[in-house]
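Read through the structure below, which is laid out as structure tokens, and then see the notes.
Only heavy atoms go into these numbers, but all of them, side chains included; no hydrogens, no water, no symmetry mates. Owing to the predicted nature of the structure, the values given are computational and were not obtained by experimental measurement. Position 1 is the first residue of the sequence, and the numbers go up from there.
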Amino acid sequence: MVVGLIIAVIVLLMIFAGLHWASMPPSRVETVNVRTLHLEGEFVEGNLGTAVDPDGKVTVRLVAQQYSFEPQCIVVPQGMPVTFRGTSADAVHGFIVGTTNANTMLIPGFVATFTTTFNQTGEHLMPCHEYCGIGHEAMWAKVQVLPREDFLARARNTERMTCVPR
Ligand code: CUA
């Protein structure tokens, strides 16, 4: 009876959360051809990294593969919304940016996307957090959060940005 009660409470909580926050499975699932990922389209090597669109939107494009991220170091501005768009070239990967809430899975054939804002400058580790093979624990990148002005000054000179060498 106790177990039945616990299950009932959990199911009720799920129903409450689903209705209250209008949460639902993803409705717009974006796909990408994993076979031609490196040859054409959005995720070719020259298009990876951070770009500032003419309308001022910041987009980071990245690809995960066994056992690295491309780019290895991602640069983002402080205090501006940043949209990540990523996918995987082989196995299921994922990443989390330091202790922030930037966190997603990267699944071959699908584009993972989310938007977040980094409030503090600094450098974060960005490890792969889905077990993807024997090299999993060595798979990580870095994220540099630059002061907004520094970031925008760099963006004027480069179409695709990666980190500032230190
Ligand atoms: Cu990639 Cu674990």
Item to check | Inter- and intrachain pairs under side chain to side chain donor-acceptor pair (under 3.5 Å), touching residues 128-143, at least two apart | outcome: N103-H129
Identify whether [X] and [Y] are in the same connected component of the hydrophobic contact network (ILVMFWY, side-chain heavy atoms under 4.5 Å).
X: V9; Y: M1; result: no
X: M126; Y: L48; result: no
X: V63; Y: L106; result: no
X: V60; Y: I96; result: no
X: M14; Y: I6; result: yes

Got [X] and [Y] here, is their nearest side-chain heavy-atom distance under 4.5 Å?
X: T100; Y: T116; result: no
X: N47; Y: R160; result: yes
X: I107; Y: S88; result: no
X: E42; Y: V32; result: no
X: M161; Y: F151; result: yes
X: V145; Y: P77; result: no

Next on the checklist: Set out, in order, the CA-CA distance, both residues' side-chain angles and the distance that settles side-chain contact (heavy atoms from CB on, under 4.5 Å) for V76 and V58, then state yes or no.
Outcome noted: CA-CA 8 Å; V76 294; V58 181; 5.7 Å; no
Measuring from atom [atom1] of [X] to atom [atom2] of [Y], what distance do you get when rounded to the nearest 0.5 angstrom?
X: L62; Y: I74; atom1: CG; atom2: CD1; value: 5.0 Å
X: L5; Y: I10; atom1: CG; atom2: CD1; value: 10.0 Å
X: R61; Y: E70; atom1: CZ; atom2: CD; value: 14.5 Å

Checklist entry - Looking only at side chains, do T83 and T115 share a donor and an acceptor under 3.5 Å apart? => result yes
Checklist entry - Who are the side-chain contact (heavy atoms from CB on, under 4.5 Å) partners of R156, not counting sequence neighbours? => result L152, A153
Checklist entry - Stepwise, does the side-chain contact (heavy atoms from CB on, under 4.5 Å) test hold for Q66 with H93? => result CA-CA 8 Å; Q66 288 166 319; H93 301 276; 3.8 Å; yes
Item to check | I134, CD1: over 12 other non-hydrogen atoms inside 6.0 angstrom | outcome: no
Item to check | Atom CD of Q72 with >12 non-hydrogen neighbours under 6.0 angstrom | outcome: yes
When you measure from the side chain of [X] to the backbone of [Y], do you find a donor-acceptor pair of N or O atoms at a distance under 3.5 Å?
X: Q78; Y: L146; result: no
X: D55; Y: K57; result: yes
X: T87; Y: V111; result: no

Work out which heavy atom in [X] is nearest to a heavy atom in [Y]; give both atom names and the distance.
X: P71; Y: A141; result: O-CB, 4.2 Å
X: G56; Y: M80; result: O-CE, 4.1 Å
X: V75; Y: T162; result: CG1-O, 3.4 Å
X: R148; Y: G79; result: NH1-O, 3.4 Å
X: R154; Y: C163; result: NH1-C, 4.0 Å
X: A112; Y: M105; result: CB-O, 3.3 Å

Next on the checklist: Ring-plane angle category for F84 and F114, please: parallel below 30°, perpendicular beyond 60°, tilted otherwise.
Outcome noted: parallel
Checklist entry - What pairs of residues pass the ring pair (Phe, Tyr, Trp, His ring centres under 6.0 Å) test when at least one of them lies in residues 43-74, not counting sequence neighbours? => result none
